[in-house]
There are 2 protein chains.
Amino acid sequence: MEFCSLPTNTSGMGQYDQGVGKRSDRIANDIKRWVIENELAAGDKLPNEKQLVDIFQCAKGTMREALKSLEVQGLIAIRTGPSGGPTLIEVSYKRTTELLRNFLQFRDVSVEQIYQMRKIVEVELAVSVVGLLPPEAIDKLENQVGKCCANSIDRSRRHVHLNLRENELSFHDILASYCPNPLLAFNAQFLTELLRNFIDFRFDHISQYETFTQSNIDFHRKLVVAYKKEDQKKIRKLMTAHMEDCEQHTLSLNGTLSKNLMLS
Amino acid sequence: MEFCSLPTNTSGMGQYDQGVGKRSDRIANDIKRWVIENELAAGDKLPNEKQLVDIFQCAKGTMREALKSLEVQGLIAIRTGPSGGPTLIEVSYKRTTELLRNFLQFRDVSVEQIYQMRKIVEVELAVSVVGLLPPEAIDKLENQVGKCCANSIDRSRRHVHLNLRENELSFHDILASYCPNPLLAFNAQFLTELLRNFIDFRFDHISQYETFTQSNIDFHRKLVVAYKKEDQKKIRKLMTAHMEDCEQHTLSLNGTLSKNLMLS
DNA sequence: TAGCTTTATTTATCAGTATAAATATAATTA
DNA sequence: TAATTATATTTATACTGATAAATAAAGCTA
């Protein structure tokens, strides 16, 4: 979509206008409003920095702060060079989880609370994708379980354990990727991300870790079978038990939520 | 907590250092890391703009972009004047919901999908706060139901309907405020916010709207009774039915999610 | 002491310059 | 001609200095 001049400069004209709040914030909001009104979509380009400065009659620095705001919100990407400038992008899962982690940074969240959420989210998701999985999805899931098994031959070192958890969790990511409900899928992915990257384990219970891994493999295998039969009831039962089981293992391994949620 | 000099300027020194990404982003990350390492908390003050410029040996504009980033992320508030400058704040629910709405802006979310989420979140939340509600919480809930009744005398105009929805939803906000799980509480509040501010109704079915309102009042009243008895089973049943009922009413009123999610 | 005024401090905005990075285009080479 | 290299152009990024606005604290007035 072509750029067709931003509408009347609602955020004030001339320097030091009377509007409320910071100029850069008002400009950022005006640009958002303009994007919505013109039904722009990801991939569409905004006017470049210089043009925006002309349109809004503001200083370069002010405009840069406005653009930085949109960038941090995950709404635009900025590139240099010819045909560069600010481009609208779909706010990514990644960016959104980063911002949501900021929220959790200053609050205490326990492993129990993560699983309280996960027990309802993963079960609902698992049940809801029944009938929506194309053959290649089943393949992917089966493949995933296979990787876990292959890796479990060597299980004596720390990084292997980490790798196993990675694999276990990607089973759930695959399921989430076939969930048509963005709210549900996002929550599921956010929770698996927390477990993947922000749980500090004590690695002094290797045997328990092995049990954990084996238990996961069993559940995933059974889930694949149930998905092949599209047996919704069975899937609900299995995923509920699976989450319960994961929670217990994580707790007995003394998993705690990291204090570095803010850092990517 | 006092400011005690930021650590070695890891984001590079001198102009145009070789680090990856933008200088302002690296600085923002360094400040985050420093906050975590020094276990700063909401209320603590960061060095002011000029001091930060000295510490990071960067230009004022660059530092302002870094601070804007932190501000947009909801991590700091900036005030002018003496004893002003950037102050750490708890990332607020409000800010987080704004950022999450950006995420949904470019995806299609249906009323059914909102309720798919709400049916599991509100039920889990309702059940989990049993036994955690102090007497004043019950009072608040009862009060809330009372307001709905009072308002339902005059129900002929649009804004009254909006006001009723407002009241109905604040019943759920009260419940959420007593939920110790930030993940659960946040999700619940986010969903009620969507319903409160971002559902466009067609107001051509006044009678259905009345039925909706009355139905809500009934459910809320019954829920209060159940909370007084701390009857968890009853609460689960009631809330499940309540959400199901809400969904049906919303659907028959042709509620659709607004296209203006990005705007506050 | 209550209310008002001044002053000092700090961010917010403006203006302009210089540098780096990315890309398109032209020139060169094989 | 195809591929590579050099050049020019476009754009963001970064730096500097000056002015305006906001606010807290100190001082003044009644």
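What's counted below: heavy atoms across the whole structure, side chains too, no hydrogens, waters or symmetry copies. Model, not experiment: these values are computed from the prediction. Letters A, B, ... are given to chains in the order of the sequence lines, protein chains preceding strands, and every chain is numbered from 1.
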> For the pair made of NZ in A/Lys22 and P in C/dT11, what is the distance, rounded to whole Å?
Replying inline: 10 Å
> Between atom CD1 in A/Ile78 and atom C1' in C/dA21, what is the gap in whole Å?
Replying inline: 14 Å
> Who passes side-chain hydrogen bond (donor to acceptor under 3.5 Å, both in side chains) against B/Asn181, sequence neighbours left out?
Replying inline: A/Gln116
>> Can you list everything that forms a side-chain contact (heavy atoms from CB on, under 4.5 Å) with B/Ser258? Sequence neighbours excluded, please.
In response: B/Phe198, B/Asp200, B/Asn260
>> Using a strict heavy-atom distance below 4.0 Å, which residues from residues 81-90 of chain A are in contact with DNA chain C?
In response: A/Gly81, A/Pro82, A/Ser83
> Any idea which of D/dC15, C/dA22, C/dT13 is nearest the B/Thr62 side chain?
Replying inline: D/dC15
>> Holding to side-chain contact (heavy atoms from CB on, under 4.5 Å), I want the full list of residues that pass it with A/Asp173, two or more places apart in sequence or in another chain.
In response: A/Gln189, A/Thr192, A/Arg196
> Given atom CD of A/Glu65 and atom P of C/dT13, what is their separation to the nearest angstrom?
Replying inline: 7 Å
> On DNA chain C, nearest-nucleotide positions of A/Thr80 versus A/Gly61: which is more 5'?
Replying inline: A/Gly61
> Choosing from C/dC14, D/dT11, C/dT23, which nucleotide comes nearest the side chain of A/Arg79?
Replying inline: C/dT23
>> From CZ of B/Phe56 over to C1' of D/dC15, roughly how many Å is that when rounded to an integer?
In response: 17 Å
> Within this structure, what is the CG-to-C1' distance between B/Leu67 and C/dT11, rounded to whole angstrom?
Replying inline: 10 Å
>> I need the CD-C1' distance between B/Glu71 and C/dT11, as an integer number of Å.
In response: 11 Å
Identify each donor-acceptor pair in which a side-chain atom of residues 70-86 of chain A lies under 3.5 Å from a protein atom, sequence neighbours left out, and give them as a table.
{"from": "A/Glu71", "atom 1": "OE1", "to": "A/Lys68", "atom 2": "NZ", "distance (Å)": "3.0"}
{"from": "A/Glu71", "atom 1": "OE1", "to": "B/Lys22", "atom 2": "NZ", "distance (Å)": "3.4"}
{"from": "A/Glu71", "atom 1": "OE2", "to": "B/Lys22", "atom 2": "NZ", "distance (Å)": "2.6"}
{"from": "A/Gln73", "atom 1": "OE1", "to": "A/Lys32", "atom 2": "NZ", "distance (Å)": "2.8"}
{"from": "A/Gln73", "atom 1": "OE1", "to": "B/Asn102", "atom 2": "ND2", "distance (Å)": "3.1"}
{"from": "A/Gln73", "atom 1": "NE2", "to": "A/Ser69", "atom 2": "O", "distance (Å)": "3.4"}
{"from": "A/Gln73", "atom 1": "NE2", "to": "A/Ser69", "atom 2": "OG", "distance (Å)": "3.0"}
{"from": "A/Arg79", "atom 1": "NH2", "to": "A/Ser83", "atom 2": "O", "distance (Å)": "3.2"}

>> One thing to verify: whether A/Arg107 and B/Glu90 come together as a salt bridge, which I'm taking to mean a side-chain N less than 4.0 angstrom from a carboxylate O.
In response: yes
> For the helix from C/dT1-D/dA30 to C/dA30-D/dT1, what is the angle between the axes at its two ends, each from 5 pairs, rounded to 10°?
Replying inline: 0°
> Rounded to the nearest Å, what distance is computed from the CZ atom of residue B/Arg23 to the P atom of nucleotide C/dA21?
Replying inline: 14 Å
> For B/Glu98, which residues count as a side-chain contact (heavy atoms from CB on, under 4.5 Å) partner, sequence neighbours excluded?
Replying inline: B/Lys94, B/Arg95, B/Arg101, B/Ser264
>> According to salt bridge (charged side-chain N to carboxylate O under 4.0 Å, His left out), who are the partners of B/Glu112, at least two apart in sequence or on a separate chain?
In response: none
>> Counting the atoms with a prime plus P, OP1 and OP2 as sugar-phosphate, which does A/Glu49 contact under 4.0 Å by heavy atoms, base, sugar-phosphate, or nothing?
In response: base
> In whole Å, what is the span from the CG atom of A/Leu52 to the P atom of D/dT13?
Replying inline: 13 Å
> Salt-bridged, A/Glu49 to A/Arg64, with N to O below 4.0 Å?
Replying inline: yes
> Of all the choices, D/dT13, D/dT11, C/dT11, which nucleotide is nearest to the side chain of A/Asn48 once you look at every atom?
Replying inline: D/dT11
>> Can you identify which nucleotide, out of D/dA14, C/dA21, D/dA18, has its nearest atom closest to the B/Lys60 side chain?
In response: D/dA18
> Nearest to the side chain of A/Ala59 - C/dA15, D/dT13, D/dT16?
Replying inline: C/dA15
>> Check the orientation of B/Phe103 and A/Tyr93. Use parallel for under 30°, tilted for 30 to 60°, and perpendicular for over 60°.
In response: perpendicular
> Who passes side-chain hydrogen bond (donor to acceptor under 3.5 Å, both in side chains) against A/Thr62, sequence neighbours left out?
Replying inline: none
> Under 4.0 Å between a side-chain N or O of B/Arg64 and OP1 or OP2 of C/dA12?
Replying inline: yes
